[in-house]
Amino acid sequence: MKKGLKALSVLMILALVTVLAAACGSKNGDSGSSSKVSIGIVLPTKSEERWIQDEQRFKDALKGSKYTTSVLFSEGSSAKEAENVETLINKGIKVLIICPFDGTAAGAAVKKAKDAGITVISYDRLIMNTDAVDYYVTFDSKTVGAKQAQYLVDHAKGSGQPLYLYAGAATDNNAFQFFEGSWEVLQPKIADGTFKIANSSEAQALASKATLTHEEEAKIIGQVTTLWDPNEAKNKAQTHLTAAAADMKGDVAILAPNDGTSRSIADVFAADSAIKSYVITGQDADKSSIQYIIDGKQSMTVFKDVRTLVKDAMGVALNILDGKTVETNGVSNNGNKDVPSKQTDVISVDKDNVKEKLVDSGYYQASDFKGL
Ligand code: BGC
């Protein structure tokens with residue numbers, strides 16, 4: 001082939017490759033398998049409303065961005081999560097935003113990303129015991145637990161009220177944060193006789209301790225965990241009510257760690273004729289739980305404005321991509337290092353302020369709900 005022609009065909013091939021790459025890549029959302037992606041996002045599961053909310057808010061936030069992104073779900077499996085991270089590394093991402101399914105197991109996956117020169121942002125849940133996390137964006141999780149507990153205290157009926165405790169998955173550091181925040185508010189009210197613990201001998205054994213160690217929390221969580229799974233929550237609630245003596249029924253208080261588990265626990269308590277009334281907590285402002293609150297089936301939720309979390313995570317990612325300084329407002333220790341962190345406030349919501357906080361604020365549409 002003549003030199004000139006060869007140069008021309010090289011140019012044509014280059015042009016073709018560029019056109020193909022542009023066709024495969026999609027800004028503002030999922031991208032094709034072979035395209036270059038600048039920000040990779042990994043979320044734990046599609047089977048909880050919470051994480052679908054996050055996916056949608058990421059998509060909203062990315063409209064008009066010049067950067068390409070890809071959102072992958074880990075289907076509640078650390079193996080799938082590691083595979084997702086690998087896929088994103090191969091797509092050439094510069095920043096990884098990841099909410100781990102299991103906070104400790106995710107360490108190995110993000111280490112690979114870090115070794116490939118990628119900046120790692122832990123999203124909502126902290127990745128534990130590794131130095132391969134650069135930033136952490138999250139909500140004030142201890143306050144989530146404190147607000148849930150405060151609601152139970154504020155709505156306690158008389159004294160000696162049965163208190164049912166439930167917690168998140170022990171593989172999630174947030175579950176400890178929530179429980180710690182709740183315990184600090186509930187413990188004095190257990191000590192003064194306002195509440196009596198109905199379903200946890202471990203919590204009962206620690207009832208006089210105002211502050212618990214991580215190991216002590218682990219004992220209680222191990223006994224009353226929902227694994228963040230509504231089915232597990234339902235089974236546990238059924239077991240507890242079957243075992244409960246008559247004086248552990250009547251008007252009861254229930255600490256449920258999030259909305260998905262709250263709805264299934266609430267359904268079990270509502271079906272027991274010896275339960276006269278129940279006050280039950282939640283968190284996430286799932287649409288289904290907002291409907292439960294309107295219908296009087298769930299008492300409250302803790303609203304965590306996912307738009308803000310997405311904005312914070314994207315803000316950190318874009319600053320990294322643009323070579324700018326990243327602003328944080330604290331640190332969170334993950335057992336290996338103090339991770340620079342950004343924390344967002346949370347809001348307690350019940351039937352009295354649900355319209356104001358979730359509909360008038362533009363977070364949801366009134367038409368999403370019946371009877372508002
Ligand atoms: C999140 C909650 C969520 C829970 C279960 C926690 O880490 O902070 O918003 O409900 O996981 O997925």
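Ligands are counted one by one from 1 in listed order, and the atoms in each one are counted from 1 as well. Because the structure is a prediction, the values reported are computed rather than measured.
Using a 4.0 Å cut-off between charged side-chain N and carboxylate O, Lys114 and Asp134 make a salt bridge. Asp286 and Arg50 are not joined by a salt bridge, as no carboxylate oxygen comes within less than 4.0 angstrom of a charged side-chain nitrogen. One finds no salt bridge joining Lys219 and Glu216 here, because no Lys/Arg side-chain nitrogen approaches an Asp/Glu carboxylate oxygen to under 4.0 Å.
Of the possible polar contacts, one joining the Asp259 side chain to the Ala285 backbone as a donor-acceptor pair under 3.5 Å is found. Remark: side-chain polar atoms of Ser122 are paired, donor with acceptor, to backbone N or O of Arg125 under 3.5 angstrom.
Cation-pi check for Lys189 over Phe195 is not met; the charged atom does not lie both under 6.0 angstrom from the ring centroid and within 45 degrees of its normal.
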Report every pair formed by an N or O atom of ligand 1 and a protein N or O atom separated by less than 3.5 Å, giving atom names and the distance to 0.1 Å.
from	atom 1	to	atom 2	distance (Å)
ligand 1	7 (O)	Arg125	NE	2.8
ligand 1	7 (O)	Asp172	OD2	2.6
ligand 1	7 (O)	Asn174	ND2	2.9
ligand 1	8 (O)	Asp124	OD1	2.7
ligand 1	8 (O)	Asn174	ND2	3.2
ligand 1	8 (O)	Lys304	NZ	2.9
ligand 1	9 (O)	Arg50	NH1	2.8
ligand 1	9 (O)	Asp284	OD1	2.6
ligand 1	9 (O)	Lys304	NZ	3.0
ligand 1	10 (O)	Asn258	ND2	2.8
ligand 1	10 (O)	Asp284	OD2	2.5
ligand 1	11 (O)	Arg125	NE	3.4
ligand 1	11 (O)	Arg125	NH2	2.9
ligand 1	11 (O)	Asp172	OD2	3.4
ligand 1	12 (O)	Glu48	OE1	2.5
ligand 1	12 (O)	Trp51	NE1	3.0
ligand 1	12 (O)	Arg125	NH2	2.9

